[in-house]
Protein chains: 2
Amino acid sequence: MSIDPSLIRILTVDDHPLLRKGIAALVNTEDDMKLVAEASSGEEAIEKFRACRPDVTLMDIQLPGLNGIESLSQIQREFPDAKVIVLTTYSGDIQVVRAIKAGARGYLLKRQVHRELLETIRAVHAGQRRIPQEIAVELVDHPRDDLTPREIDVLRLIAGGNANKEIADLLSIGEASVKSYVANILSKLDAKDRAHAVTIGLKRGIIEL
Amino acid sequence: MSIDPSLIRILTVDDHPLLRKGIAALVNTEDDMKLVAEASSGEEAIEKFRACRPDVTLMDIQLPGLNGIESLSQIQREFPDAKVIVLTTYSGDIQVVRAIKAGARGYLLKRQVHRELLETIRAVHAGQRRIPQEIAVELVDHPRDDLTPREIDVLRLIAGGNANKEIADLLSIGEASVKSYVANILSKLDAKDRAHAVTIGLKRGIIEL
DNA sequence: CTTCGCCCCCTCCATTTGGGGGATCTATAG
DNA sequence: CTATAGATCCCCCAAATGGAGGGGGCGAAG
């Protein structure tokens with residue numbers, strides 16, 4: 001029962017069973033990799049990580065519920081040398097910045113993946129970082145301030161079709177405050193109006209549908 | 001080289017290679033199914049369909065580029081007895097209605113899929129239809145008119161942060177026309193304002209990010 | 001301690017939206 | 001032919017928006 005030191009033990013985290021199956025199928029055709037666990041939520045990811053101590057973790061950041069980045073940070077806190085590769089569907093995503101800040105070693109778009117996935121797993125396992133150029137550009141293009149929690153609240157309510165006054169009531173603040181939040185949001189997101197802000201917020205993963 | 005009549009020959013259409021791999025892995029563990037082709041775009045789907053004449057086609061409707069529903073309709077036109085199951089990520093989706101109108105025999109959310117996928121494949125292959133309740137409810141809740149092409153144009157431009165006057169210029173029509181389109185959009189989508197319309201449009205799959 | 005960021009509140013005002021109407025014209029379906 | 005649906009345009013008007021200022025408190029980080 002000795003452990004082959006060259007065998008890369010992998011944990012996958014994704015809420016789509018089919019995607020996990022796809023990763024499993026891909027990984028298990030490789031001699032030097034082995035899928036040791038799967039998780040479908042942030043909480044489960046943390047549990048499975050504790051239990052298995054995988055060499056490399058492949059993690060979707062847009063998980064149902066609240067976490068994704070959260071569970072990534074927590075894993076990093078507990079296991080500072082955890083090697084996590086983030087998988088995502090969309091590229092233009094502020095989540096990327098957060099993921100990298102939270103300690104992700106690699107970043108991949110679900111779309112490309114084939115060779116890249118295997119290469120990235122091996123590179124990250126070898127201690128390297130793999131952030132695709134496409135994403136690095138994003139980081140330069142949008143060094144923009146992240147929205148504050150309150151601003152995100154407001155943006156979410158905007159997306160829900162609430163007028164400033166309604167937002168004010170819902171948040172128990174004055175309409176004037178809402179207006180200044182909206183102004184900040186538009187400025188930070190470089191949006192032309194609230195509808196545009198919604199589009200950008202969704203694109204960047206600041207809010208969800 | 002005789003063809004086993006009980007063997008269900010399957011074509012998968014999805015732009016995510018990993019997802020196709022997942023489906024492949026799942027399908028190939030079943031004795032009565034065989035994956036005979038894969039496509040990653042609408043055009044490719046049509047080609048592959050012509051070439052392979054699969055018994056059942058699993059198709060994602062949110063394909064890159066323009067098609068999805070388009071290629072489904074085209075396949076149905078050419079091969080009226082084609083059995084297509086539509087796969088999608090999100091549920092609240094007007095695409096569903098279109099897909100069903102276009103001749104889809106089954107409808108599945110990527111999320112659930114496991115048993116359901118196999119069951120649905122077999123059911124559809126046997127000539128049945130499989131529209132989950134969850135979706136059927138949508139159809140009742142939103143028997144709403146689909147947006148007209150022009151309205152969709154306008155909605156897309158709204159999402160891009162364009163003011164009515166800008167939309168008018170971009171479409172080379174009068175601002176008054178834009179205003180009436182916007183009014184129609186708000187009414188049809190049951191949206192409170194343009195920002196809300198964007199949210200709903202994205203949720204229903206009328207427009208994309 | 002002092003600064004800075006976040007959060008809250010305010011006023012004034014031009015511009016834009018959105019909700020009522022209604023009116024042509026064209027193409028297509030019954 | 002007639003009805004229907006889509007695309008285009010028009011008016012009026014109340015309400016909301018967004019852009020420009022301003023101020024103040026509070027907590028964390030320097």
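A, B, ... follow the sequence lines: proteins, then strands. Residue 1 opens every chain. All figures in this text were calculated on a predicted structure; none of them were measured in a lab.
- Atoms CD1 (Ile173(B)) and C1' (dC9(D)) sit 10 Å apart, rounded to a whole Å.
- Rounded to an integer number of Å, the gap from CD of Glu151(B) to P of dG6(D) is 7 Å.
- Mapping Asn162(A) and Arg150(B) onto DNA chain D via the closest heavy atom, the residue that lands nearer the 5' end is Arg150(B).
- Under 4.0 angstrom from either OP1 or OP2 of dT16(C) there lies no side-chain N or O belonging to Asn164(B).
- Between Glu175(A) and Ala195(B), it is Glu175(A) whose nearest contact on DNA chain C lies nearer the 5' terminus.
- Listed candidates were dC9(D), dG19(C), dG18(D). Nearest to the side chain of Leu186(B) is dG19(C).
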Inset, instruction - Test side chain to side chain contact (heavy atoms under 4.5 Å, CB included) on Leu118(A) and Met33(A) and set out the steps. - result: CA-CA 9 Å; Leu118(A) 298 172; Met33(A) 301 179 186; 3.8 Å; yes
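- In this entry the distance linking CD1 of Ile167(B) with P of dC9(D) reads 14 Å, nearest Å.
- With contacts defined as side-chain heavy-atom distances shorter than 4.5 Å, the pair Leu19(A)/His16(B) does not qualify.
- Closest to the side chain of Arg194(A), from the set dT17(C), dC8(C), dT17(D), is dT17(D).
- Distance, Asp193(B) CG to dA14(D) C1': 16 Å, rounded to whole Å.
- Checking Ile23(A), Thr88(A), Asp60(A) one by one against Lys110(A), the side-chain contact (heavy atoms from CB on, under 4.5 Å) holds for a single residue, Asp60(A).
- When rounded to the nearest whole Å, the span between CG of Asn184(B) and C1' of dG18(C) equals 12 Å.
- Residue Ser177(A) places none of its side-chain N or O atoms closer than 4.0 Å to OP1 or OP2 of dC7(C).
- Phosphate proximity of dA7(D) to Thr148(B): present, with a side-chain N or O under 4.0 Å from OP1 or OP2.
- Looking at the side chain of Ala176(A), the nearest of the listed nucleotides dG18(C), dC8(C), dC10(C) is dC10(C).
- Residue Tyr181(A) has its side chain nearest to dC7(C) when only dC7(C), dT16(C), dG18(C) are considered.
- For Ile185(A) and dC8(C), the CD1 to P distance is 12 Å, given to the nearest whole Å.
- Taking atom NE2 on His196(B) and atom C1' on dT17(C), their separation rounds to 16 Å, with Å as the unit.
- What separates NZ of Lys192(A) from P of dT15(C) is a distance of 18 Å, to the nearest Å.
- Classification of Asp55(A) and Lys83(A) as a salt-bridged pair fails, no side-chain N sitting under 4.0 Å from a carboxylate O.
- In this structure, of dC13(D), dC9(D), dT16(C), it is dC13(D) that holds the atom nearest to the side chain of Lys179(B).
- Ion pairing between Lys48(A) and Glu44(A) holds under the 4.0 Å rule for side-chain N and carboxylate O.
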